2 protein chains.
Amino acid sequence: MLNAIAADEIATHEINAHEAYNQSQDQRLPRTSPMQAESSFKVACSNCNLRELCLPIGLSTDEMSKLDGMVATRKKVKQGGHLFSSGDPFTTLYAIRTGFFKTCVVSEDGREQVTGFQMAGEIMGLDGIVSDKHNCNAIALEDAEVCVMPFNHVEDLSREIPMLQRHVHKIMSREIVRENGVMMLLANMRAEERLAAFLLNLLQRLHARGYSKSELILRMTREEIGSYLGMKLETVSRTFSKFSDDGIIEVKQKNIRILDHEKLKAIFNASTC
Amino acid sequence: MLNAIAADEIATHEINAHEAYNQSQDQRLPRTSPMQAESSFKVACSNCNLRELCLPIGLSTDEMSKLDGMVATRKKVKQGGHLFSSGDPFTTLYAIRTGFFKTCVVSEDGREQVTGFQMAGEIMGLDGIVSDKHNCNAIALEDAEVCVMPFNHVEDLSREIPMLQRHVHKIMSREIVRENGVMMLLANMRAEERLAAFLLNLLQRLHARGYSKSELILRMTREEIGSYLGMKLETVSRTFSKFSDDGIIEVKQKNIRILDHEKLKAIFNASTC
DNA sequence: CGGACTATTTGATATGCATCAAGAAGTCAT
DNA sequence: ATGACTTCTTGATGCATATCAAATAGTCCG
């Protein structure tokens, strides 16, 4: 059940979506295809290299070409920029093409709670449907580009393409199940378990996008990790140090290398200590 | 933003849904309409007294009669019984007609996390869509009756009735936003704030169903409240006692009377102390 | 009605993490 | 490159809540 946290049921594990997470930096990470100069040609869903992760999953080529019309435009967001903010009118969903986001809610008294981190192929904006306005902030943690999908279009097409309808439902359901897992994490786990769960989840999702299982670059600060995991940045830092001392990971600032994947899993599973 | 916890945007506040929460016990609570011997006549969506809270919201009478066919059967669940369990194949959604449920996930090592409490008019089972099997347990906290809505039918009808499609989307989005609020609560709030938020949320939802704003009966144990709020049952008990000492509420076992609604709200909002 | 159970309350003590603090490392802009 | 800033690390201390324990109240069932 708790796998809900670390597993993000995505079937395909070897796809070309490399520019998604890292745009230029980490050449160290495996890169199995040459980087293309994107935006140099019109990118449609039907030839997007994220199509197996994103909305077009499981559609016929015919249906997919209909989908191309759904993406009204694409939009770039600079690092630190808001894709949308709490209170903004909701009209569209966004699919991440490149870059990395956080979503967060803010209480009246200013406490910020990071509710998730999103990477290429993931859909943002679902929070806005219920009240026709957004209920969280979506902030780019690195320069990013998203596909803008007017929700009206999504709904119209969903009525025509049952497969798409089902997929939209699955995406929303997945988000509900993910949040269930986070609730478990926040309510029941100790700092080490939380951080282990967090790392395993990121690794799993990055792996589904073609990245190494043993290395990752954190796009967020210790404070943002802490907010997501319900702990203070100092505790995040200390826990990283502890994992490092125990030979489980190697920490160089935002670069994390996994030395002992099994031990990490053991910590995640272990209340048995 | 945090209102997401205490507010459950339901427009109508005065409807006849009294048998929903209390079946026979608490005659003390206001009851503005005589109780009818239910099941004595065929109950359809079109004459269900929950129709303003449940799936038919905003539909024309024509559309609503289509909806009637969507509810395949109704199903009774005894107190303590499982409506569905984690791992069960997912085929249908459920709308609660009467009674009160909890949903919970269980980790491998047996830790249980209550992920929500559901009352009349609310929809259960959305967690199952993503993987075609349920990802949590749904357990009746009192004898209950639900409408069984095969998800295929829901999807079929959603394609015919845009208003229904939109409503299904809103229900899922509302659940996502609710869980965002719970994450904020678990990660950032102290015990008193959590319990205040919890009580205010229950009161708000019960009020939308025609109940008093100043009295409620807890259908769950201290332990279940604690699980939901990420605290131990002893802490729940102590916090109730503290609220009682402070003259904010009156606690008689599962019966709670709100003496100072404003103070409760102040605690909920207050990090300012 | 009485016995066995479960749920709740309350007290005493322990502990994991927060908080406060200060320095180190890294990043950015001019 | 240099100074200002942000981010991160590490240590010392305190506190909110967990844990352990025991008594009380309530509930179920033969």
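Keep in mind that this is a model prediction, so the values were computed, not measured. Just the heavy atoms: all of them, side chains too, but no hydrogens, waters or symmetry mates, feed the values below. Naming: A, B, ... by sequence-line order, numbering from 1 per chain.
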Does any donor atom in the side chain of Gln113(B) or Asn188(A) lie under 3.5 Å from an acceptor atom in the other side chain?
->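 Looking only at side-chain atoms, Asn188(A) and Gln113(B) do form a donor-acceptor pair, the distance falling under 3.5 Å.
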
Sequence neighbours left out, what passes side-chain contact (heavy atoms from CB on, under 4.5 Å) with [X]? Give chain and number order.
| X | value |
| --- | --- |
| Glu179(A) | Glu175(A), Ile176(B), Glu179(B), Asn180(B), Met183(B) |
| His261(B) | Leu200(B), Leu203(B), Ile258(B), Lys265(B) |
| Ser244(A) | Val251(A) |
| Ala140(A) | Val77(A), Phe101(A), Ala144(A) |

Mind grabbing the angle between the end helix axes of the helix from dC1(C)-dG30(D) to dT30(C)-dA1(D)? Five pairs an end, 10° rounding.
->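 It works out to 60° between the end axes.
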
Glu223(B): salt bridge (charged side-chain N to carboxylate O under 4.0 Å, His left out) partners, not counting sequence neighbours |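 So Glu223(B) forms no salt bridge (charged side-chain N to carboxylate O under 4.0 Å, His left out) with any residue.
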
dT8(C) OP1/OP2 closer than 4.0 Å to side-chain N/O of Lys254(B) =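 Indeed, a polar side-chain atom of Lys254(B) lies that close.
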
Can you tell me how far [atom2] of [N] sits from [atom1] of [X], to the nearest Å?
| X | N | atom1 | atom2 | answer |
| --- | --- | --- | --- | --- |
| Glu250(B) | dT9(C) | CD | P | 13 Å |
| Leu195(B) | dT8(C) | CG | P | 13 Å |
| Asp245(B) | dT9(C) | CG | P | 12 Å |

Contacts of Phe243(B) that satisfy ring pair (Phe, Tyr, Trp, His ring centres under 6.0 Å) - sequence neighbours left out =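 Checked Phe243(B) against ring pair (Phe, Tyr, Trp, His ring centres under 6.0 Å); zero matches.
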
Results of ring pair (Phe, Tyr, Trp, His ring centres under 6.0 Å) for Tyr228(A) - residues two or more places apart only =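 Partners of Tyr228(A) under the ring pair (Phe, Tyr, Trp, His ring centres under 6.0 Å) test: Phe117(A).
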
Give me the first and last nucleotide of DNA chain D, going 5' to 3', that has any atom under 4.0 Å from a heavy atom of chain B.
->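 Going 5' to 3' along DNA chain D, contacts run dT17(D) to dG26(D).
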
Dump the intermediate steps for side-chain contact (heavy atoms from CB on, under 4.5 Å) on Asn255(A) and Glu215(A), then the final yes or no.
-> CA-CA 7 Å; Asn255(A) 300 276; Glu215(A) 246 174 321; over 6 Å; no

Which letters describe nucleotides 23-30 of chain C, given B = protein heavy atom under 4.0 Å from base, S = only from sugar-phosphate, - = neither?
-> ---S----

Quick one: which residue pairs count as a salt bridge (Lys or Arg N to Asp or Glu O under 4.0 Å) with a foot in residues 234-248 of chain B, not counting sequence neighbours?
->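 As it turns out, the salt bridge (Lys or Arg N to Asp or Glu O under 4.0 Å) pairs with a partner in residues 234-248 of chain B, which skip direct neighbours, are Glu192(B)-Lys242(B), Lys242(B)-Asp246(B).
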
When we call it a touch if two heavy atoms are under 4.0 Å apart, what does Thr221(A) touch: a base, just sugar-phosphate, or nothing?
->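 If one applies the 4.0 Å heavy-atom cut-off, Thr221(A) turns out to touch the sugar-phosphate alone, with no base involved.
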
Salt-bridge present (Arg178(B), Glu122(B); N to O < 4.0 Å) =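 Salt bridge: no.
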
Enumerate the protein-to-nucleotides 16-22 of chain C contacts in which both atoms are nitrogen or oxygen and the separation is below 3.5 Å.
| unit_1 | atom_1 | unit_2 | atom_2 | d |
| --- | --- | --- | --- | --- |
| dC17(C) | OP1 | Ala191(A) | N | 2.8 |
| dA18(C) | OP1 | Lys232(A) | N | 3.2 |
| dA18(C) | OP2 | Lys232(A) | N | 3.3 |
| dA18(C) | OP2 | Thr235(A) | OG1 | 2.2 |
| dT19(C) | OP2 | Lys232(A) | NZ | 3.4 |
| dT19(C) | O4 | Arg238(A) | NH2 | 2.9 |
| dC20(C) | N4 | Glu234(A) | OE2 | 3.3 |

Is it true that a side-chain atom of Asn135(A) and a backbone atom of Val177(B) form a donor plus acceptor pair closer than 3.5 Å?
->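 Absent.
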
Is the number of heavy atoms from other residues, nucleotides or ligands within 6.0 Å of NZ (Lys254(A)) greater than 12?
->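 Yes, NZ of Lys254(A) has more than 12 neighbouring heavy atoms, counting only those of other groups under 6.0 Å.
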
